[in-house]
Amino acid sequence: MLPPRDSELVQIMDASLAEAARRAGPWLACRVGCTQCCHGAFTINALDASRLRAGMDALRASDPGLAAEIARRAQAWIDEHGPAFPGDLGTGLLGSSPKDLEEFEDFANEAPCPALDPATGRCDVYPWRPMTCRVFGPPVRVAEGEALACCELCFVGAGEEEIAACEMPVPHDLENDLLVETGEAGETVVAFALLP
């Protein structure tokens with residue numbers, strides 16, 4: 001279940017991204033149709049999965065055709081990549097053993113996200129997208145004290161000071177609190193969260 005304060009987290013993230021993009025100007029290459037970050041499987045936590053499920057519920061009510069198409073792509077993704085998924089196909093949860101985590105490193109690395117509309121290069125669940133998607137592009141710190149990282153297509157030729165001036169702050173504590181509120185543990189991938 002999606003915690004009520006998730007909307008606060010999303011608002012903070014959207015404002016943070018907008019401000020980072022304003023400061024970055026042309027250094028930030030992210031635009032509709034740039035889909036490099038939309039390829040390759042990545043883990044999402046229970047909070048992201050809950051948000052995606054809520055988004056799919058909203059789409060089933062407002063645009064059932066689009067919701068059905070996204071679900072079709074998600075099922076096709078699972079049908080293609082599921083046999084190699086290092087986890088439980090029934091629950092969609094990624095395994096946590098060292099072997100599972102090692103196998104995930106090479107899992108579906110080139111596969112397009114099932115939420116990506118291949119015709120337009122747009123994310124069909126953009127308002128409900130995971131936090132990883134919300135921070136890809138601008139300079140962010142994955143955890144407090146860690147080095148800044150940004151998309152390899154952004155800040156090409158920029159110096160460290162220019163990059164640091166565009167840092168996007170991330171409210172990790174709020175996200176962690178909300179994750180605890182979900183009462184769920186484990187990680188999955190987007191395709192599983194898009195299906196009922």
Side-chain angles (χ1 to χ4, degrees), residues 6-7 9-45 47-49 51-81 104-142 148-159 162-163 165-170 188-195:
D6 184 67
S7 60
L9 175 65
V10 168
Q11 289 173 352
I12 291 169
M13 294 297 292
D14 288 350
S16 186
L17 175 58
E19 176 57 20
R22 184 195 66 73
R23 283 183 273 121
W27 289 116
L28 194 62
C30 304
R31 303 285 183 270
V32 171
C34 179
T35 63
Q36 178 174 331
C37 63
C38 305
H39 288 77
F42 58 92
T43 60
I44 61 171
N45 62 33
L47 179 62
D48 290 326
R51 187 180 316 104
L52 285 170
R53 287 186 194 103
M56 288 298 288
D57 288 345
L59 280 177
R60 279 190 282 279
S62 67
D63 193 340
L66 178 58
E69 172 57 19
I70 295 167
R72 183 200 65 74
R73 291 192 308 247
Q75 187 60 59
W77 194 99
I78 291 169
D79 291 346
E80 180 178 350
H81 303 287
F104 189 76
E105 291 295 318
D106 295 321
F107 174 69
N109 282 339
E110 302 301 320
C113 178
L116 178 66
D117 181 333
T120 64
R122 290 181 178 272
C123 175
D124 282 336
V125 294
Y126 191 80
W128 306 284
R129 70 199 184 280
M131 286 298 130
T132 296
C133 304
R134 292 173 188 273
V135 300
F136 202 90
V140 295
R141 295 181 199 280
V142 176
L148 284 174
C150 60
C151 171
E152 65 186 29
L153 301 178
C154 299
F155 298 92
V156 175
E162 291 167 303
I163 294 171
C166 301
E167 179 179 352
M168 178 181 167
V170 178
T188 187
V189 294
V190 170
F192 288 105
L194 295 175
L195 295 175

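Counting from 1, the numbers follow the sequence of the chain as shown.
Distance check: I44 CD1 to F192 CZ gives 10.5 Å after rounding to the nearest 0.5 Å. Put simply, CG on D124 and CZ on R73 are 4.5 Å apart, with the number rounded to the nearest 0.5 Å. Atom CZ in R122 sits 11.5 Å away from atom CG in L116 (nearest 0.5 Å). Note that the CZ atom of R60 and the CE atom of M56 stand 5.0 Å from one another [nearest 0.5 Å].
Judged purely by atom type and a 3.5 angstrom limit, S16 uses its side chain to pair as donor or acceptor with the backbone of P169. Checking side-chain atoms of W77 against main-chain N and O of P112 turns up a donor-acceptor pair under 3.5 Å. A donor-acceptor pair is defined here as one N or O able to donate and one able to accept, closer than 3.5 Å; such a pair exists between the side chain of D48 and the backbone of M131. No donor-acceptor pair closer than 3.5 Å links the side chain of R23 to the backbone N or O of M168. A donor-acceptor pair under 3.5 Å is absent between the side-chain atoms of R22 and the main chain of E19, judged by distance alone.
In summary, of the residues considered (L17, I12, V10), a side chain to side chain contact (heavy atoms under 4.5 Å, CB included) with D14 occurs for V10 alone.
Residues C30 and C154 are in side-chain contact: their nearest non-hydrogen atoms beyond the backbone lie under 4.5 Å apart.
Between W27 and F155, the ring planes are parallel. Angles under 30° get that label, and only those over 60° would be called perpendicular.
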